[in-house]
A.B. asks: 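Before I ask anything, let me first share the structure, which is written out below as structure tokens.
Below, chain A is the first sequence line, B the second, and so on; all start at residue 1.
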Amino acid sequence: MGDHELKLLGMWASPFVLRARLALSFKGLSYEYIEEEIFGNKSALLDKSNPVHKKVPVLIHKDKSICESQIIVEYIDEVFSGTGPSLLPVDPYDRAVARFWAAYIDDKLFSLFMMMIKGKTTEDKAKGRRHSFAVAETLEGALKGCSKGKSFFGGDNVGFLDIVLGGFVAWVHTRDILSRSKQFDAGKTPLLAAWLERFCALDATKAVMPDVEKLVELSKMRQARDDAAAAAVSQSN
Amino acid sequence: MSPSGVKLIGAFGSPFAHRAEVALRLKGVPYELLLEELMISKSDLLLKHNPIHKKVPVLLHGDRTICESLVVLEYIDEAFDGPAIMPTDPYERAMVRFWAHFMDNKCAKPFMLSVWSEGEAQKGFLKEVKENLALLQAQLEGKRFFAGESIGYLDIVLCSLAHWLTVIEEATGVKLVADDEFPDLRRWAKEYTSNEIVKPCLPDRDRLLAFYTAHLDRYKMIAKAMLQQ
């Protein structure tokens with residue numbers, strides 16, 4: 001497999017880091033993984049390699065830093081075009097469609113998760129849940145169009161869009177457990193539900209998927225912390 | 001079977017639509033421009049082809065529909081022959097994509113709020129705008145264009161800095177950039193806006209100024225909503 005001189009700065013719970021790890025996994029690329037502290041100070045390496053945003057993931061390739069998860073995935077695909085499967089489609093229009101949905105996922109899905117996790121009131125959280133079902137339904141349509149009856153957004157094989165959505169899969173499982181409902185409900189979004197199962201069953205996915213039980217614990221811890229902070233605020237008013 | 005016939009759904013004054021138009025012109029692709037009157041209502045054509053976002057630009061290429069200006073730019077570069085818009089080197093491609101995302105995701109809000117908000121909040125946003133501009137100027141590295149000797153992806157993406165910025169300053173009376181600040185960016189702005197391919201698809205300055213002046217209240221409302229998020 002050889003040394004590809006790759007390092008990935010990450011954090012185990014981050015869906016964006018998971019995306020980068022999925023891409024590396026599906027391409028069969030070896031790399032050194034460096035964990036950033038979740039609640040700690042940012043490391044000197046992170047400050048140096050992502051001075052603008054100071055966020056993970058950061059891919060370091062032969063001393064060059066590449067930031068932003070989707071950009072990292074495209075970079076990996078382009079530089080290592082001879083290694084492993086191609087992630088982006090070949091046809092310019094298929095690529096445009098994949099990029100459109102990738103932008104949509106980051107625009108809608110992430111902010112919805114945040115609303116559900118950090119929603120200030122029960123109403124906010126409920127609103128978040130309603131919107132997330134609407135987004136899931138839109139993605140169901142996207143999957144239908146992109147897959148053309150096959151298993152993945154990328155067709156027979158996992159592609160860019162599977163990986164972009166795939167980054168959120170661990171959090172989908174976490175929310176499913178905490179809310180005792182399905183984000184990708186088989187009744188409402190059958191294709192997505194099937195996709196989720198299929199995607200998670202792949203070896204390349206399993207190799208990098210974070211521990212969902214730990215994510216559940218982390219989520220409960222964050223919630224407790226937010227609740228305590230909110231209680232302190234309301235008591236001091 | 002290859003599609004034919006290119007149409008671009010745009011709107012007067014939209015820097016996002018301008019991005020798509022410039023790219024088509026750089027490639028020498030003939031196109032039909034369809035203008036929306038966004039302040040009045042959205043056309044059936046727009047709603048049909050961009051039901052998710054209902055925004056311009058929308059590129060229609062035969063039976064294909066492409067939305068989102070950054071996606072449109074890369075599509076135009078890949079689907080048509082002509083001078084390259086994106087760099088060829090993967091690392092440089094990653095860099096220009098990074099700065100494009102920086103512009104659209106990080107710069108847009110403080111930029112809007114620095115002209116449309118007031119008091120202490122405004123001071124904070126002004127500071128942020130200058131920091132962002134400094135980061136962007138650094139990418140020029142003294143070159144004629146961000147892409148080097150000729151216009152490329154990042155020049156197109158940053159078009160609003162070249163043409164829209166001074167118009168908004170005038171409309172709002174808020175000076176974001178002092179006359180002696182960011183000389184490289186100023187020089188680049190002149191190069192970009194005077195370019196023969198770019199100039200014909202830039203919105204007329206006086207008309208753009210009148211447009212912003214007429215819609216000041218609307219923008220103030222949008223900014224207020226942004227602040228509360």
Side-chain angles (χ1 to χ4, degrees), chain A residues 16 20 49-55 58-82 88-108 110-111 114-115 120 124 134-135 137-139 141-142 145 160, chain B residues 1-3 20 23 27 49-53 55 57-81 85-107 128 131-132 134-136 138-139 228-229:
Chain A
F16 303 104
S49 53
N50 191 356
V52 175
H53 299 298
K54 301 186 182 9
K55 285 183 177 173
V58 180
L59 183 75
I60 302 173
H61 183 210
K62 294 181 184 173
D63 297 328
K64 287 181 176 163
S65 304
I66 300 99
C67 311
E68 304 283 300
S69 63
Q70 290 193 22
I71 295 175
I72 289 172
V73 176
E74 287 215 51
Y75 176 81
I76 289 169
D77 199 35
E78 288 172 13
V79 170
F80 299 102
S81 56
L88 268 287
V90 170
D91 178 77
Y93 182 57
D94 292 337
R95 291 158 75 87
V97 171
R99 286 173 179 145
F100 173 86
W101 288 116
Y104 175 85
I105 286 166
D106 270 356
D107 182 19
K108 302 285 181 194
F110 179 63
S111 56
M114 285 289 103
M115 209 195 292
K120 297 190 176 77
D124 278 342
V135 168
E137 278 173 342
T138 304
L139 286 177
F160 178 68
Chain B
M1 193 174 76
S2 54
K27 289 288 205 185
H49 287 290
N50 193 358
I52 305 246
H53 301 296
K55 286 180 176 175
V58 176
L59 185 73
L60 303 171
H61 183 197
D63 58 359
R64 299 168 169 182
T65 304
I66 304 96
C67 307
E68 296 291 287
S69 63
L70 296 183
V71 178
V72 171
L73 284 180
E74 293 216 39
Y75 175 78
I76 289 171
D77 197 34
E78 291 169 5
F80 300 103
D81 294 328
I85 293 174
M86 290 285 287
T88 44
D89 175 71
Y91 178 67
E92 283 173 35
R93 290 160 70 86
M95 284 291 97
V96 298
R97 284 172 180 148
F98 175 87
W99 290 111
H101 281 239
F102 175 78
M103 176 68 185
D104 281 2
N105 298 340
K106 257 228 146 188
C107 293
E128 204 180 332
E131 282 164 3
N132 292 342
L135 285 170
L136 290 170
Q139 299 312 303
Q228 282 161 0
Q229 270 167 14

A.B. asks: Below 4.5 Å from any heavy atom of chain A, which atoms of Leu70(B) appear? Answer side chain, backbone, both or neither.
C.D. replies: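 Nothing of Leu70(B), per the 4.5 Å heavy-atom cut-off to chain A.
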A.B. asks: How many angstroms lie between atom CG of Leu88(A) and atom CD of Glu78(B), to the nearest 0.5 angstrom?
C.D. replies: 8.0 Å
A.B. asks: Please report the shortest heavy-atom distance between Ala96(A) and Val71(B), naming the atom on each side.
C.D. replies: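 Distance-wise, the nearest heavy atoms are O-CG1, 3.3 Å.
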A.B. asks: Listing request: all side-chain hydrogen bond (donor to acceptor under 3.5 Å, both in side chains) pairs with a residue in residues 71-80 of chain A, at least two apart in sequence or in separate chains.
C.D. replies: Lys27(A)-Asp77(A), His61(A)-Tyr75(A), Glu74(A)-Arg99(A), Glu74(A)-Arg97(B), Glu78(A)-Arg93(B), Glu78(A)-Arg97(B)
A.B. asks: Nearest 0.5 Å, what's the NZ-CD1 distance between Lys108(A) and Ile52(B)?
C.D. replies: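 With rounding to 0.5 Å, NZ (Lys108(A)) is 8.5 Å from CD1 (Ile52(B)).
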A.B. asks: May I have the step-by-step check of side chain to side chain contact (heavy atoms under 4.5 Å, CB included) for Trp99(B) and Val52(A), ending in yes or no?
C.D. replies: CA-CA 10 Å; Trp99(B) 290 111; Val52(A) 175; 3.8 Å; yes
A.B. asks: Does NZ in Lys54(A) sit with more than 12 non-hydrogen atoms of other residues, nucleotides or ligands closer than 6.0 Å?
C.D. replies: yes
A.B. asks: Quick test of your reading of the model: are Glu74(B) and Arg95(A) salt-bridged, counting only N-O distances below 4.0 Å?
C.D. replies: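 No, Glu74(B) and Arg95(A) are not salt-bridged.
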A.B. asks: Which class fits the ring pair Tyr75(B) and Tyr93(A): parallel under 30°, tilted 30 to 60°, perpendicular over 60°?
C.D. replies: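 Tyr75(B) vs Tyr93(A) ring planes: perpendicular.
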A.B. asks: Measure Ser65(A) against the heavy atoms of chain B and call it side chain, backbone, both or neither at under 4.5 Å.
C.D. replies: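 Backbone only.
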A.B. asks: Does NZ belonging to Lys55(B) count more than 12 external heavy atoms closer than 6.0 Å?
C.D. replies: no
A.B. asks: The criterion is ring pair (Phe, Tyr, Trp, His ring centres under 6.0 Å); which residues satisfy it with Phe100(A), sequence neighbours excluded?
C.D. replies: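 Expected list: His53(B).
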A.B. asks: Which residue in the set Ile66(A), Ile72(A), Ile71(A) passes side-chain contact (heavy atoms from CB on, under 4.5 Å) when paired with Phe98(B)?
C.D. replies: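 Option passing the side-chain contact (heavy atoms from CB on, under 4.5 Å) with Phe98(B): Ile71(A).
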